[in-house]
Every structure is written in C-alpha cells, then in structure tokens.
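No experiment lies behind these values; they were computed from the predicted model shown. So that the names make sense, note that chain A is the first sequence line, chain B the second, and so on, each numbered from 1.
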Amino acid sequence: MDVPTRREVESTLADANGARTTLAARGGWLRKYLLVFAVGSVAVVLLIGLGGRTGATVATMLWLFLVAAMSWWGARQRVIPRGHKLRNLLGFGGWGVLYGATLLVGKSFFPSEPAFWVPAAVLSAVPLVLVAFWPSRRSEGQRRGGVATARNP
Amino acid sequence: MSTERHPRHRLDEVIHSPLRLSIVSALSAVEKAEFRAVRDAVEISDSLLSKQIALLEQAGYVAVHKARVERRPRTWLALTDVGREALVAHLAALADITQGHRTALPAAGTGSTETYAPPARV
C-alpha cells in the first residue's frame, strides 16, 4: 500500500471529522427529549402536590400527552446517539425513584405545602437534567474533534 | 529498519478509502444512524453510499438493520466492534506515519520526498 502524503492525510482526516461532527450533532435531540421530560416532571409534581384533585387529573393528562408526543418525536429521529439506552435507563430510573418517594412522603406528611412540593418538584427533575448533559458539551466536543486520534475513535 | 515495521503496513485496506473512512468515522460517533442521515453527513449519493456500505458490511465493519417506522422502511447502519477496532488501528497507523519524524513521506504532486512535520490535528 502506498504511503499517503501529508496533504492526503490531512484532507482525509478533515473530511472524516466533518462527517463525524455532522452525524454526532444530529444525535443532539436526546438532550432536548430528556429536558422536556424534566420540565414536565416539575409541572406534574407541582400539579399533584398543590393542585388538589383537579391538579392530579391535569397532571395525569399532561404526562400521558408528554409521553405520547415525545415517543412519536423520538421514533422519527434518524440518529441514535451513543449511550442513549444507559442515559434513558439512569434518567428515567432515577426520576421514577424520586417521583415515587416525593408522592409517598409529600402526600403522607406535607399535603399542599409549597415548602415541600416546590423543592421536591425541582429535585424530581435532577436525574433527567443530569443525563441530558452527560456527556457534557465539552467532552462531546472533544469526542467530535477526536476522529484523528487513535485513542478516541 | 525492516520494511515490515513501517506503519503503512498497518493501514486498513477497507477503510483506507477516504470515503469509507468518513463513513466509519461518522458512525463511530453514534450508536446507529439511518441511511439518509449518513448519506447527508458524508455528502454522497444513495447509490455510492450503498456500494460503500456493501463493502463495509462484507468486511464486518458495519451492521445493516432494516425496520419500519410508520409503515416506511428505514435502513439503520451501525459500526460493529470489529469496525471500531479497525478504525482505531487505522488511525493509529496514520498517526504513526504522520508523526514519524524519521519517516520520509512523498510530497503531494511530486515524486520527491520531504521530512514530515506532523500536522496539529493528527
């Protein structure tokens, strides 16, 4: 096999980097997906905790709509980012634990108390926000620019 | 120095093609991608991408999976572990070639050689 020239290697790696960056960017939808659920979680917990019976009904409808809409949107994406299963598992697993604990403790000991429900609502969204920004933009950028290194394929 | 030790012998023949290297590099950034997304990222035609994917699939570097979403057929492409290893090895060989100060590389467009200074991004 012929040894490539310096210009050939640079051009080849630049093209490969460009393709990699473009495709990786199209996987960015997962971050938005997780953040929408995080915001939805805050709203749902607040409605359940502070909205009474009506609030609970609206929260259920809101969550069902959110799940249906985001599932439809997610299924239409053309790029699945790396680690998306683990991110979903950790995000929604952590959310489920915190959400369940919030309802259990809040309904039992702090009914309609904003001092409990407001921070609890924010806390319930934390796992989703964490996995939305993991990997961080910085490390993702390093990966995107890393095609030219053997250590970071 | 033995000829066999030169890093060019470690270049992967399948992904030595710039086009296939671009495809494999793009797929290395994601878990899987739909055919058209790869086509747009690499900026080639459907038929050319099909040919390259067939070669990469034959080499075991890319897995092809067909599915239907809302009754529309979709072709998903994913880099296999073998493909990822091949990419790592190929990039390592390229890095060795470009960083090997003792290696004389042919200058572009000439038959002469030059002592190579590694580019910043390699």
Side-chain angles (χ1 to χ4, degrees), chain A residues 1-31 33 68-69 71-89 135 137 139-153, chain B residues 6-9 11 13 15-19 21-38 40-43 69-70 74 76 78-79 83-98 103-110 114 116-119 121-122:
Chain A
M1 194 179 294
D2 293 337
V3 180
T5 64
R6 172 184 186 166
R7 192 173 294 170
E8 284 169 347
V9 170
E10 285 176 340
S11 169
T12 298
L13 291 178
D15 287 348
N17 252 333
R20 180 187 166 92
T21 303
T22 303
L23 205 62
R26 292 197 64 175
W29 64 270
L30 184 60
R31 177 168 294 159
Y33 175 91
S71 298
W72 177 82
W73 184 64
R76 294 174 67 85
Q77 300 305 314
R78 298 188 180 280
V79 172
I80 306 298
R82 287 180 76 179
H84 90 289
K85 282 181 186 168
L86 182 63
R87 289 168 78 182
N88 274 320
L89 186 70
R137 281 183 190 279
S139 64
E140 212 167 339
Q142 286 169 343
R143 291 193 66 81
R144 285 176 190 173
V147 69
T149 69
R151 290 176 190 168
N152 192 18
Chain B
H6 194 285
R8 74 173 178 274
H9 296 290
L11 289 173
E13 287 188 20
I15 55 177
H16 191 51
S17 144
L19 197 49
L21 179 62
S22 284
I23 294 167
V24 169
S25 295
L27 287 174
S28 73
V30 300
E31 189 160 311
K32 62 180 180 178
E34 205 255 314
F35 184 92
R36 282 185 285 177
V38 178
D40 294 345
V42 182
E43 298 178 358
V69 176
E70 295 173 356
R74 276 195 187 180
W76 291 93
L79 191 65
R84 195 171 297 279
E85 285 169 14
L87 176 62
V88 170
H90 187 76
L91 292 175
L94 279 180
D96 286 348
I97 288 171
T98 55
T103 304
L105 291 179
T110 69
E114 62 180 359
Y116 194 77
R121 296 211 52 174
V122 175

Practice problem: Decide side chain to side chain contact (heavy atoms under 4.5 Å, CB included) for Asp15(A) and Val42(B); before the verdict, give the C-alpha distance in whole Å, the side-chain angles of both, and the deciding distance to 0.1 Å. | Solution: CA-CA 8 Å; Asp15(A) 287 348; Val42(B) 182; over 6 Å; no
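- Contact of the Pro81(A) side chain with the Glu31(B) side chain is not registered, since no non-hydrogen atoms from C-beta on lie closer than 4.5 Å.
- Looking at Leu27(B), both its backbone and its side chain come within 4.5 Å of chain A, counting heavy atoms on both sides.
- Arg74(B) pairs by the salt bridge (Lys or Arg N to Asp or Glu O under 4.0 Å) definition with nothing, not counting sequence neighbours.
- Listed by chain and number, the residues in a ring-ring contact (aromatic ring centres under 6.0 Å, His included) with Phe35(B) amount to none (sequence neighbours excluded).
- When all heavy atoms are compared, the tightest approach of Leu23(A) to Ala37(B) is CD1-O, 3.6 Å.
- Counting all heavy atoms, side chain and backbone alike, Ser28(B) lies closest to Arg82(A) at O-NH1, 3.2 Å.
- Closest of all the heavy-atom pairs between Ser22(B) and Ala19(A) is O-CB, 3.8 Å.
- Ranked by heavy-atom pairs under 4.5 Å with chain A, the list Val38(B), Val30(B), Leu79(B) is led by Val30(B).
- In this structure, Ile80(A) and Trp76(B) approach most closely via the heavy-atom pair CG1-CZ3, 3.9 Å.
- Between the CD1 atom of Ile15(B) and the OG1 atom of Thr12(A) there is a distance of 11.5 Å, given to the nearest 0.5 Å.
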Quiz item: Should Asp40(B) and Thr22(A) be marked as a side chain to side chain contact (heavy atoms under 4.5 Å, CB included) after you check the CA-CA gap, both sets of side-chain angles, and the distance that decides it?
Solution: CA-CA 9 Å; Asp40(B) 294 345; Thr22(A) 303; over 6 Å; no
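- Heavy atoms of Val24(B) lying under 4.5 Å from chain A are absent altogether.
- Here the CZ-CD1 distance, from Arg20(A) to Ile23(B), works out to 15.0 Å after rounding to the nearest 0.5 Å.
- Heavy-atom pairs under 4.5 Å with chain B were tallied for Arg76(A), Arg26(A), Lys85(A); the largest tally goes to Arg76(A).
- Heavy atoms only, all atoms of each residue included: Leu13(A) and Leu94(B) are closest at CD2-CD1, 4.1 Å.
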